[in-house]
Asker: 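Starting off with a structure, shown below.
Numbers here are sequence positions counted from 1.
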Amino acid sequence: MRVVRRKKGSYRERGFAAFTLVELLVVITIIAILIALLLPAVQSAREAARQTQCRNNLKQLALGCLNHEQQHRHFPTGGWGFAWTGDADRGFDWRQPGGWLYNILPYIEQQTLHDMGSGLSGWGQPNTPKGDAHLQRATVPLAMFYCPSRRAVTLYPWVYPGTTFVNATSPRDKVVSRSDYAGNDGTVYIPPGGAAYAPIPWQTAPPNADAGPISPDEVEYPPGSGLKTAKAVSVFSWIGKQATGIFYCGSMTTMSDISDGSSNTYLIGEKYINPDWYLTGMSPGDNESSLSGDNADIGRWCRYPDQYPYPDTPGFAGQVEYSFGSAHLNGCHMAFCDGSVQMISYSIEPLIHSYLGNRKDGQVIDAKKY
């Protein structure tokens, strides 16, 4: 019998390959380096996609405003104040208590949402069929209203005292939809309750400078007549004479009112929010429903020299909560009155930004400056 002996030697000598500990550490190090190099590129690509979606949101909202202007011969009204939400039975003019986001719903394929409460009994007081419908509508989040770089499309807390609608049932779950986009309210803030300085002021409901009138009868009387009350004439004209933006309490801005030109005037844009308050509802400019009337939740200002676009910054609040801004690192998207959307740098000159927010200051602006 022939005996076959195994050859002695290492695996490597017998043709088997194996990693040494040093080689394994080198491979792991290389992989870690590659991941470190790749991760920023992946994150950058994701943010680019999110910015594209944000830009598309603004484009669709701007087109909704322009379609409204074409249909009704004026841009969406700003509504009456934060104490009100939209009412489908009150048309699209000064009689409408809801703000611009509510009024463009039919023009962004949300007619059904717009019409919730239409034809129901009552003008919307709490615990009426219409009031319940208005509350239900305020709890429907729309993806088009949210910047994907900032937060998820969902409902957020409604926590401030007194944050209930005059024309809707009081919230049961204390959550509502929000918006990361706001209209151009110009270079000076004129609160709906600032009408207290008008020759014939109206009461506010609740007594608050941003709330608006205490009832529809203060605006239109007899109900359904289409006749402005003396108070409404006084208040709306007093505010309109000072307003420089597109949206404000009772606004019905026409394209001809934009004497500086539609390509030189902001229409809507992203709004600043302190990241600490993204999810809490504690920001004074992000504590109401997206479908409320005129207030800092749906309108922002371009006052010189301190209200210019800011990047969302933890711990940074105050007057900046009434400015435009965004969660993007490179700037803030703004839609102009001609429907175009541009990224505005955070380093834009505050005076130029102010000019772009004023529809009638007569300033000629070089596009290279923004």
Side-chain angles (χ1 to χ4, degrees), residues 40-41 43-59 61-62 146-151 179-189 244-247 258 260-278 283-286 296 298-370:
Q43 292 175 333
S44 178
R46 288 177 175 174
E47 172 59 14
R50 289 191 289 263
Q51 288 197 23
T52 298
Q53 182 59 55
C54 179
R55 183 185 183 93
N56 288 339
N57 288 347
L58 266 176
K59 183 70 174 180
L61 295 175
Y146 291 86
C147 170
S149 292
R150 176 175 285 158
R151 53 187 173 180
S179 172
D180 290 325
Y181 307 107
N184 170 25
D185 275 26
T187 54
V188 57
Y189 175 44
T244 60
I246 306 300
F247 308 103
I258 308 173
D260 286 357
S262 60
S263 62
N264 288 317
T265 307
Y266 292 144
L267 177 61
I268 55 178
E270 296 185 81
K271 68 181 190 183
Y272 176 89
I273 305 176
N274 179 343
D276 299 332
W277 293 334
Y278 280 172
S283 167
D286 191 55
I298 64 169
R300 293 297 169 101
W301 294 268
C302 305
R303 182 183 64 198
Y304 178 79
D306 57 339
Q307 289 182 330
Y308 52 89
Y310 292 88
D312 290 359
T313 307
F316 191 39
Q319 283 298 311
V320 69
E321 294 289 331
Y322 305 105
S323 301
F324 289 102
S326 83
H328 310 307
L329 295 177
N330 54 328
C332 166
H333 288 114
M334 299 293 296
F336 287 70
C337 290
D338 62 356
S340 63
V341 179
Q342 299 187 44
M343 177 69 82
I344 301 298
S345 171
Y346 296 125
S347 61
I348 185 174
E349 293 181 33
L351 189 58
I352 297 299
H353 180 64
S354 177
Y355 289 159
L356 292 171
N358 191 325
R359 71 177 192 272
K360 56 180 181 179
D361 57 16
Q363 296 294 328
V364 178
I365 307 169
D366 185 353
K368 294 180 181 179
K369 292 187 176 182
Y370 61 89

Asker: So does R151 pair up with D286, basic N to acidic O under 4.0 Å?
Answerer: yes

Asker: Report yes or no: does R300 contribute a side-chain atom to a donor-acceptor pair with the main-chain N or O of E321 at less than 3.5 Å?
Answerer: yes

Asker: Going by the rule side chain to side chain contact (heavy atoms under 4.5 Å, CB included), which residues pair with R303 if we only count those two or more places apart in sequence or in a different chain?
Answerer: D306, Q307, Q319

Asker: Quick test of your reading: applying side chain to side chain donor-acceptor pair (under 3.5 Å), list the pairs with at least one residue in residues 326-350, sequence neighbours left out, ordered by first then second residue.
Answerer: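 Counting only pairs at least two positions apart or across chains, the side chain to side chain donor-acceptor pair (under 3.5 Å) contacts touching residues 326-350 are E47-H328, Q51-N330, S149-H328, E270-H328, E270-H333, S326-Y346, D338-S340, S345-S347.
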
Asker: List the residues meeting side-chain hydrogen bond (donor to acceptor under 3.5 Å, both in side chains) with Y322, not counting sequence neighbours, and say none if there are none.
Answerer: none

Asker: Going by ring-ring contact (aromatic ring centres under 6.0 Å, His included), name the residues that satisfy it together with Y146, two or more places apart in sequence or in a different chain.
Answerer: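 Y146 satisfies ring-ring contact (aromatic ring centres under 6.0 Å, His included) with no residue once adjacent residues are dropped.
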
Asker: Counting only heavy atoms not in K369, do more than 12 sit closer than 6.0 Å to its NZ atom?
Answerer: no

Asker: Decide side chain to side chain contact (heavy atoms under 4.5 Å, CB included) for L356 and I348; before the verdict, give the C-alpha distance in whole Å, the side-chain angles of both, and the deciding distance to 0.1 Å.
Answerer: CA-CA 11 Å; L356 292 171; I348 185 174; 4.2 Å; yes

Asker: Of all heavy-atom pairs between G325 and D312, which one has the smallest distance, and what is that distance?
Answerer: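 Minimum heavy-atom contact is C-OD1, 4.5 Å.
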
Asker: Without swapping roles, check the side chain of R359 against the backbone of T265 for a donor-acceptor pair under 3.5 Å.
Answerer: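 No.
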
Asker: Tell me every residue that passes side chain to side chain contact (heavy atoms under 4.5 Å, CB included) with Y304, counting only those two or more places apart in sequence or in another chain.
Answerer: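 With neighbours one apart ignored, the set is P350, L351, S354.
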
Asker: With a 4.5 Å cut-off on side-chain heavy atoms, are N57 and D180 touching?
Answerer: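 The answer is no; the side chains never approach within 4.5 Å.
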
Asker: Is it the case that the side chain of D276 and the backbone of G315 share a donor-acceptor pair, with hydrogens and angles ignored and the cut-off at 3.5 Å?
Answerer: yes

Asker: Of all the heavy-atom pairs spanning N184 and Y266, show the shortest one and how long it is.
Answerer: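 Closest approach of N184 to Y266: ND2-O, 3.0 Å.
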
Asker: Applying side-chain hydrogen bond (donor to acceptor under 3.5 Å, both in side chains), name anything that partners Y355, two or more places apart in sequence or on another chain.
Answerer: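 Here no residue qualifies.
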
